[in-house]
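Presented below is the structure to which this report refers.
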Amino acid sequence: MTRRKMLVGNWKMYKTIAETRSFAEVLGRNLGKLSAEMDFAVCPPFTALQVAKVVLPTQVAVGAQNMHQSKNGAFTGEVAAPMLQEIGVKYVVLGHSERRQMFAETDEAVRDKVEAAQEAGFIPILCVGENDAERNSGETMTVVARQTQIGLEKARPDGDAIVIAYEPVWAIGTGKTPSPKDAEKVIAAIREVVVVALGETEAAKTRILYGGSVKPANIAEFVAEKDIDGALVGGASLDPESFVAMAEAMGQVSGR
Ligand code: PGA
């Protein structure tokens, strides 16, 4: 089973509309460096989504960073699927650790968001990952398995309709990473949970990314691992040249 590799930039609360345009201009000059064998996306803040969809080259899809599970309602400050459908986003990042930690998103809310996103025709990027305390107490597998299992409870049994990102919380924005072998172990264990949730055939199709302090200098070692199908990148995805450098480094990993 060959799964297409993916590079996804999570811009978090960075970039205005003007900055999004500049990013797209530089990327546009480097299109030849983006392999046709891989999938690319960036996830700007809501305010820049529409312009991103217009100015980014078609090889680079657009994703939202969050979405509410209801189609509409009295939810001040939230954004619903129909609003994102109009813009033409392809992906929605769901259950990012910053959402879970700082905005109190529960496993159950993330599960309902996954269902709503798939119903709307988006591909959810379901984020899972243990924090420092959980890691130190040896709970990594338990936490990640629980987040994955609940996150997929209402998902369609279709491996192409979901992407999972393993992002250890302690590695996000810290410059620290697990070794690629350790990340591979956790990701292989996540795939076993996906087997139970979606079945063997669909789990073999499901892309599972690594995220947390990925940069041009280390991306290749992660994506060279058998079960790691790409990367979800925060800080290093903000600079278009660094985004392209990561795309190139991934493209050079043999056999891809
Ligand atoms: P980072 O963030 O690459 O800046 O560590 C990753 C993420 O939170 O998706």
Side-chain angles (χ1 to χ4, degrees), residues 5-15 19-20 23 27 39-46 48-49 52 60-67 89-105 110 113-114 117 122-132 134-135 140 143-144 147-148 151 162-180 182-184 186-187 190 207-223 225 228-250:
K5 292 271 173 192
M6 269 183 100
L7 175 62
V8 182
N10 170 18
W11 286 358
K12 310 193 179 188
M13 201 171 71
Y14 291 97
K15 289 199 194 293
E19 288 163 346
T20 301
F23 180 97
L27 201 60
D39 290 336
F40 300 97
V42 294
C43 306
F46 289 127
L49 275 179
V60 182
V62 171
Q65 297 175 18
N66 180 29
M67 188 193 96
V89 311
K90 182 165 182 185
Y91 303 99
V92 185
V93 175
L94 294 175
H96 188 279
S97 65
E98 286 150 18
R99 301 290 322 165
R100 293 180 190 261
Q101 290 195 309
M102 292 186 260
F103 302 95
E105 280 192 15
V110 175
K113 289 176 180 218
V114 167
F122 308 138
I123 299 176
I125 301 178
L126 167 64
C127 301
V128 300
E130 82 287 2
N131 64 29
D132 212 16
E134 291 161 342
R135 176 190 184 221
T140 297
V143 169
V144 163
Q147 291 173 336
T148 308
I162 186 108
V163 172
I164 297 174
Y166 169 53
E167 298 204 307
V169 179
W170 52 271
I172 295 179
T174 58
K176 289 191 250 173
T177 66
S179 70
D182 283 349
E184 164 67 16
V186 179
I187 286 180
I190 292 172
R207 286 179 293 181
I208 309 183
L209 317 179
Y210 167 74
S213 296
V214 172
K215 52 188 181 186
N218 66 12
I219 193 166
E221 10 177 306
F222 286 102
V223 300
E225 295 293 335
I228 305 184
D229 302 313
L232 177 58
V233 188
S237 75
L238 292 170
D239 171 1
E241 271 153 18
S242 153
F243 187 89
V244 170
M246 290 188 286
E248 284 188 297
M250 274 175 78

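Excluded from the calculations below are hydrogen atoms, water molecules and symmetry mates; all remaining heavy atoms, backbone and side chain alike, are included. Just so you know, ligand 1 is whichever comes first in the structure, and atom 1 is the first atom listed for that ligand.
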Does ligand 1 have a heavy atom under 4.0 Å from the side chain of N10, from its backbone, from both, or from neither?
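Looking at N10 and ligand 1, just side chain atoms fall under 4.0 Å.
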Kindly indicate whether the side chain of P44, heavy atoms from C-beta on, has any atom under 4.5 Å from the side chain of V62.
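Yes, side chains in contact.
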**Q.** Pairwise side-chain contact, E167 with H96, heavy-atom cut-off 4.5 Å (strictly under)
**A.**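 Heavy-atom side-chain distance check passes, below 4.5 Å.
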State the atoms of ligand 1, each with its element, that fall below the 4.0 Å cut-off from a heavy-atom position in [X].
X: G235; value: 1 (P), 3 (O), 4 (O)
X: G212; value: 5 (O)
X: E167; value: 6 (C), 7 (C), 8 (O), 9 (O)
X: S213; value: 1 (P), 3 (O), 5 (O)

- Query: Of the protein's non-hydrogen atoms, which lies at the shortest distance from atom 2 (O) of ligand 1, and what is that distance?
  - Reply: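 Nearest neighbour among protein heavy atoms for atom 2 (O) of ligand 1, to 0.1 Å: K12 NZ, 3.3 Å.
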- Task: Using the side chain to side chain contact (heavy atoms under 4.5 Å, CB included) rule, take K12 and I172 through it: C-alpha gap first, then chi angles, then the decisive distance, then the call.
- Result: CA-CA 12 Å; K12 310 193 179 188; I172 295 179; 3.4 Å; yes
Query - V144 versus V186, closest heavy-atom pair with distance - result: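 Nearest pair, atom of V144 first, then V186: CG1-CG1, 4.1 Å.
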So is [X] polar-close to ligand 1, meaning N/O to N/O under 3.5 Å?
X: G234; value: yes
X: G211; value: no
X: V233; value: no
X: H96; value: yes

Please assess V244 against L27 for the test side chain to side chain contact (heavy atoms under 4.5 Å, CB included), listing each intermediate value before the final yes or no. CA-CA 7 Å; V244 170; L27 201 60; 3.5 Å; yes
Check: Is there a donor in the side chain of E130 and an acceptor in the side chain of W170, or the other way round, less than 3.5 Å apart?
Finding: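 Yes - a donor-acceptor pair under 3.5 Å links their side chains.
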CE/M102: more than 12 non-hydrogen atoms of other groups inside 6.0 Å: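 Yes - once you tally the heavy atoms of other residues, nucleotides and ligands closer than 6.0 Å, there are more than 12.
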Does ligand 1 have an atom that lies less than 4.0 angstrom from a heavy atom of A236?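 The answer is no, since A236 has no heavy atom less than 4.0 Å from ligand 1.
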**Asked** Parallel, tilted or perpendicular: which describes the rings of F222 and Y210, with under 30° parallel and over 60° perpendicular?
**Response**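 The arrangement is parallel - the two ring planes meet at less than 30°.
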